[in-house]
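As structure tokens, the structure follows; a few thoughts come after it.
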Amino acid sequence: MPWQFLNRSIHFLDLFHRYQKNLVTAVLLTASVTLVAGLLNWGFGLIVGALLARFVHEALVEKGIGTNAALLAATGYLGMSVWHGGLSGSAPLTVAEQGHFLEKELGVIPVEATIFFRV
């Protein structure tokens, strides 16, 4: 069962890289997918970003399109720039609990005021 999920996940990531026409769209796609994955969970963002960056780089090389492996790898780690504000962010989840260590200074701040705050 877990292997079926893994195979489907890799096939899903494989679909993203097939339609890349140049390095700019490849970087934008990798960054966008990685940022969304990082918002869901920091570990998920790391894995998705690393795999997608590799798949996209290999696809560009196969197509003979100029690529920059370092740039694609860096965009694969962009999920780490947003994970702390996402669904697995430690600080927003901690201050939403009763009895947290800063309750006297901050009070209890619900996740509606942190993670799900609308500007």
Side-chain angles (χ1 to χ4, degrees):
M1 182 77 168
W3 292 111
Q4 291 174 347
F5 177 74
L6 181 62
N7 287 336
R8 287 182 184 154
S9 300
I10 290 174
H11 178 69
F12 180 71
L13 290 174
D14 195 42
L15 291 176
F16 278 111
H17 83 271
R18 291 181 189 263
Y19 303 105
Q20 301 312 308
K21 304 283 187 237
N22 57 44
L23 182 59
V24 174
T25 60
V27 166
L28 290 174
L29 170 87
T30 305
S32 301
V33 171
T34 302
L35 286 169
V36 171
L39 281 173
L40 296 175
N41 184 284
W42 68 270
F44 183 63
L46 275 177
I47 299 301
V48 166
L51 288 175
L52 185 59
R54 180 177 177 191
F55 289 153
V56 168
H57 174 70
E58 289 175 355
L60 292 176
V61 169
E62 285 177 13
K63 292 177 182 179
I65 299 172
T67 184
N68 185 334
L71 180 60
L72 284 168
T75 59
Y77 284 100
L78 278 176
M80 294 305 290
S81 66
V82 297
W83 73 268
H84 57 277
L87 298 176
S88 64
S90 303
L93 295 176
T94 299
V95 297
E97 296 176 355
Q98 291 284 341
H100 67 83
F101 70 100
L102 290 174
E103 188 172 9
K104 290 179 185 175
E105 291 84 9
L106 301 174
V108 175
I109 304 172
V111 292
E112 290 82 15
T114 56
I115 296 173
F116 300 114
F117 180 72
R118 288 188 171 177
V119 178

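Since the model is a prediction, treat every value here as computed from it, not as a measurement. In this chain, numbering begins with 1 at the start of the sequence shown.
Residue Val95 comes nearest to Pro92 through the heavy atom pair CG2-O, 3.6 Å, listed as atom of the first residue, atom of the second, then distance. Of all the heavy atoms in Ala26 and Leu60, the pair that sits closest is CB-CD1, 3.8 Å. For the pair Ser88 and Trp42, the tightest heavy-atom approach, listed with the atom from each and the gap, is OG-N, 3.3 Å. Scanning all heavy atoms of the two residues, the minimum distance from Asn22 to Ile65 falls at CA-CG2, 4.0 Å. Listed here is the closest heavy atom pair of Ala96 and Val111: CB-CG1, 3.9 Å. The shortest heavy-atom contact between Thr34 and Gly49 is OG1-CA, 3.4 Å.
Judged by distance alone, with hydrogens and angles left aside, the side-chain atoms of Ser81 form a donor-acceptor pair with the main-chain N or O of Leu78 at under 3.5 Å. With Thr30 contributing its side chain and Ala53 its backbone, the two residues share no donor-acceptor pair below 3.5 Å.
With hydrophobic clusters built from ILVMFWY side chains whose heavy atoms lie under 4.5 angstrom apart, Val108 does not share a cluster with Phe117. Hydrophobic clustering (ILVMFWY, side-chain heavy atoms < 4.5 Å, transitive): Leu40 and Val33 are in one cluster. Linking ILVMFWY residues whenever their side-chain heavy atoms come closer than 4.5 Å, directly or via other members, leaves Leu35 and Phe55 in distinct clusters. Note on Leu71 and Leu51: same hydrophobic cluster, where clusters join Ile, Leu, Val, Met, Phe, Trp and Tyr whose side-chain heavy atoms are under 4.5 Å apart, directly or indirectly. Residues Leu102 and Ile109 fall within the same hydrophobic cluster, defined by Ile, Leu, Val, Met, Phe, Trp and Tyr side chains chained together at heavy-atom separations under 4.5 Å.
Side-chain atoms of His57 and Thr67 include a donor-acceptor pair closer than 3.5 Å.
Here the side chains of Leu87 and Leu39 are not in contact, with every heavy-atom distance at 4.5 Å or above. Side-chain contact check for Lys21 versus Lys63: every heavy-atom pair is 4.5 Å or farther apart.
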**Message:** Show, in sequence, the C-alpha distance, side-chain angles and deciding distance for Phe101 and Thr94, and conclude whether the side chain to side chain contact (heavy atoms under 4.5 Å, CB included) test is met.
**Reply:** CA-CA 9 Å; Phe101 70 100; Thr94 299; 4.2 Å; yes
**Request:** Kindly indicate, with the supporting measurements, whether the criterion side chain to side chain contact (heavy atoms under 4.5 Å, CB included) is fulfilled by Tyr77 and Leu46.
**Result:** CA-CA 6 Å; Tyr77 284 100; Leu46 275 177; 3.5 Å; yes
**Prompt:** Between Leu29 and Gln20, does a side chain to side chain contact (heavy atoms under 4.5 Å, CB included) hold up when you go through it step by step?
**Reply:** CA-CA 9 Å; Leu29 170 87; Gln20 301 312 308; 3.2 Å; yes
**Item:** side chain to side chain contact (heavy atoms under 4.5 Å, CB included) between Leu72 and Val27, intermediate numbers included
**Value:** CA-CA 6 Å; Leu72 284 168; Val27 166; 4.0 Å; yes
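Residue-environment remark: CD1 (Ile47) stays at or below the threshold of 12 foreign heavy atoms within 6.0 Å.
To the nearest 0.5 Å, atoms CD (Glu97) and CD (Glu103) are separated by 10.5 Å.
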